[in-house]
Amino acid sequence: MPRTRLCSCWGGQVLPLLLAYVCYLLLGATIFQLLEKQAEAQSRDQFQFEKLRFLENYTCLDQQAVEQFVQVIMEAWVKGVNPKGNSTNPSNWDFGSSFFFAGTVVTTIGYGNLAPSTEAGQVFCVFYALVGIPLNVVFLNHLGTGLHAHLTTLERWEDQPRRSQLLQTLGLALFLALGTLLVLIFPPMVFSHVEGWSFCEGFYFAFITLSTIGFGDYVVGTDPSKHYISVYRSLAAIWILLGLAWLALVLPLGPLLLHRCSQLWLLSRGLKERGAPETNGLPRPQKMPISA
C-alpha cells in the first residue's frame, strides 16, 4: 500500500513537475547559448588580436612572457586585487568593504570577486557562514511571518464598509509601490550615477543582488579610477539587507493585495447585477472568506 501511494504521488505530481523543471532549464540553456555564444567568440578573438598587436609593438617580448604576465593578472584578480591603477588603490579589506563582504556571506550572494586568501580567514568564513546564513534566514522568515500574522489579526476586512475596503487596498498598493521605488528603482539610479553604468545595468545589478544570484560581473565600489566615500560599500550592504527584508514583506503582501482587488471586483460586479441596497450611501459587501 505505501509503495502504491509513493508511485501514485511520483506519477501524479513529482514526475510532471520534474519534467517541467528540466524543460525550463533546457529552454534557458538554449536561449542563453543563442544570445551569448557569439558575443563570447567576438570577445575572445578581440583579446587574441590585442595580444598579437602588443607583441608586434614590443618586439623585445615573446609569447611566453606575455602569457606569464596575463597569468599574474588573473591570479591578482582572483585574489581580489584589481590590476588597473596602482598600489594606491583602496583596500578591499577596510571596514566598509569587510562589512560589505560579511553581508554577501550571510545573504549567500557571494559575488565571487572577493574571498579570504589566508587559511585563518577561510576557516573563520566557514564558521561565520554556518551561523550567519541560518540567522539571516530566520530573521527574514520571522519578518515576513510577523507581518502576515499582524495582517490576519487586524479587523476583518470583509466586515468593513466598501469605502474602507477600497481605501485600505489603495493604501496597501501605495505602500508596495513606494517600497519598490525605494528598493528597486531609486538605488539603481544612484549606482548608475556613481559607477558610470546605464540604468539598465544598475537595475540588472540590483535584481541579481537582491535575488542572491550574485554573478559578480557588476559590483559596487570596485573601480580604482573612482574615488568613493568611505561608507559607500557599507551603505550598499545596508541596502542589500533592507532589500531582502523588503522582499520578505512583499511575499505575503503581494498575494494579499491581489486577493483583495479580486474580491472588490467580484463584489462590485455582484452588486451591480443584483442592485443590492446601500447603507449610508455605500453598498454593504457580502461576507466572504479571506485566506491571506
Side-chain angles (χ1 to χ4, degrees), residues 21 75-82 89-151 176 179-188 190-191 194-195 197 201-224 228-255:
Y21 182 70
E75 291 177 356
W77 180 260
V78 169
K79 293 180 180 179
V81 178
N82 196 321
N89 292 346
S91 171
N92 286 320
W93 294 106
D94 56 16
F95 181 78
S97 298
S98 299
F99 183 79
F100 182 79
F101 175 76
T104 62
V105 171
V106 299
T107 56
T108 69
I109 294 175
Y111 287 116
N113 68 312
L114 184 64
S117 58
T118 63
E119 290 187 3
Q122 292 170 352
V123 171
F124 174 75
C125 184
V126 170
F127 288 98
Y128 183 77
L130 286 175
V131 177
I133 292 174
L135 179 63
N136 180 71
V137 172
V138 169
F139 167 71
L140 295 178
N141 288 341
H142 183 73
L143 190 63
T145 304
L147 177 64
H148 186 272
H150 174 70
L151 292 172
L176 290 175
T180 303
L181 180 68
L182 293 176
V183 172
L184 288 178
I185 304 300
F186 182 68
V190 175
F191 295 140
V194 174
E195 302 291 340
W197 301 337
E201 291 172 324
F203 185 79
Y204 167 80
F205 162 77
F207 177 80
I208 293 299
T209 295
L210 296 183
S211 62
T212 69
I213 297 174
F215 288 127
D217 48 351
Y218 290 89
V219 183
V220 296
T222 58
D223 191 344
Y228 304 100
I229 60 175
S230 58
V231 296
Y232 176 62
R233 300 195 83 185
S234 297
L235 293 175
I238 294 174
W239 164 74
I240 291 174
L241 296 176
L242 292 177
L244 292 175
W246 168 250
L247 291 179
L249 297 178
V250 168
L251 291 178
L253 284 179

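Reckoned from all heavy atoms, side chains included, excluding hydrogens, waters and symmetry mates. As the structure is a computational prediction, the values presented were derived from the model and not from experiment. Nothing fancy with the numbering, it's 1 onward along the sequence.
By the 30° and 60° cut-offs, the orientation of the rings of Tyr111 relative to Phe205 is parallel.
When every heavy atom of Pro187 is checked against every heavy atom of Leu184, the shortest pair comes out as CD-N, 4.2 Å. Thr212 and Thr107 get closest at one heavy-atom pair: CG2-O, 3.4 Å. Shown here for Tyr128 and Ala102, the closest heavy-atom pair between the two residues is OH-CB, 3.6 Å. When all heavy atoms are compared, the tightest approach of Pro134 to Ala129 is CD-O, 3.7 Å. For the pair Pro116 and Cys125, the tightest heavy-atom approach, listed with the atom from each and the gap, is CG-CB, 4.1 Å.
The backbone N or O of Asp223 lies less than 3.5 Å from a partner atom in the side chain of Tyr228, making a donor-acceptor pair. Thr104 places a side-chain N or O within donor-acceptor distance of the main-chain N or O of Phe101, the cut-off being under 3.5 Å. Put simply, the side chain of Arg233 never gets that close to the backbone of Phe99: no donor and acceptor are under 3.5 Å apart.
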Point to revise | Intermediate values then yes/no, side chain to side chain donor-acceptor pair (under 3.5 Å), Tyr218 and Thr209 | key: CA-CA 9 Å; Tyr218 290 89; Thr209 295; over 6 Å; no

Practice item. Assess whether side-chain contact (heavy atoms from CB on, under 4.5 Å) is satisfied between Val183 and Leu247, documenting all intermediate values. Key: CA-CA 9 Å; Val183 172; Leu247 291 179; over 6 Å; no

Practice item. Would you check, one step at a time, whether the test side-chain contact (heavy atoms from CB on, under 4.5 Å) holds for Val219 with Leu114? Key: CA-CA 10 Å; Val219 183; Leu114 184 64; over 6 Å; no

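A heavy-atom distance below 4.5 Å is not found between the side chains of Trp239 and Phe186. You'll find the side chain of Phe100 stays beyond 4.5 Å of the side chain of Asn92, heavy atoms only. Side-chain contact between Val194 and Val220: absent, with no pair of heavy atoms (C-beta onward) separated by less than 4.5 Å.
Of the inter-residue distances, the one linking Leu235 atom CG with Ile240 atom CD1 reads 11.5 Å to the nearest 0.5 angstrom. Remark: Asp94 CG to Ser234 OG distance equals 8.0 Å, nearest 0.5 Å. Note: Ile109 CD1 to Ile208 CD1 = 10.5 Å, rounded to the nearest 0.5 Å.
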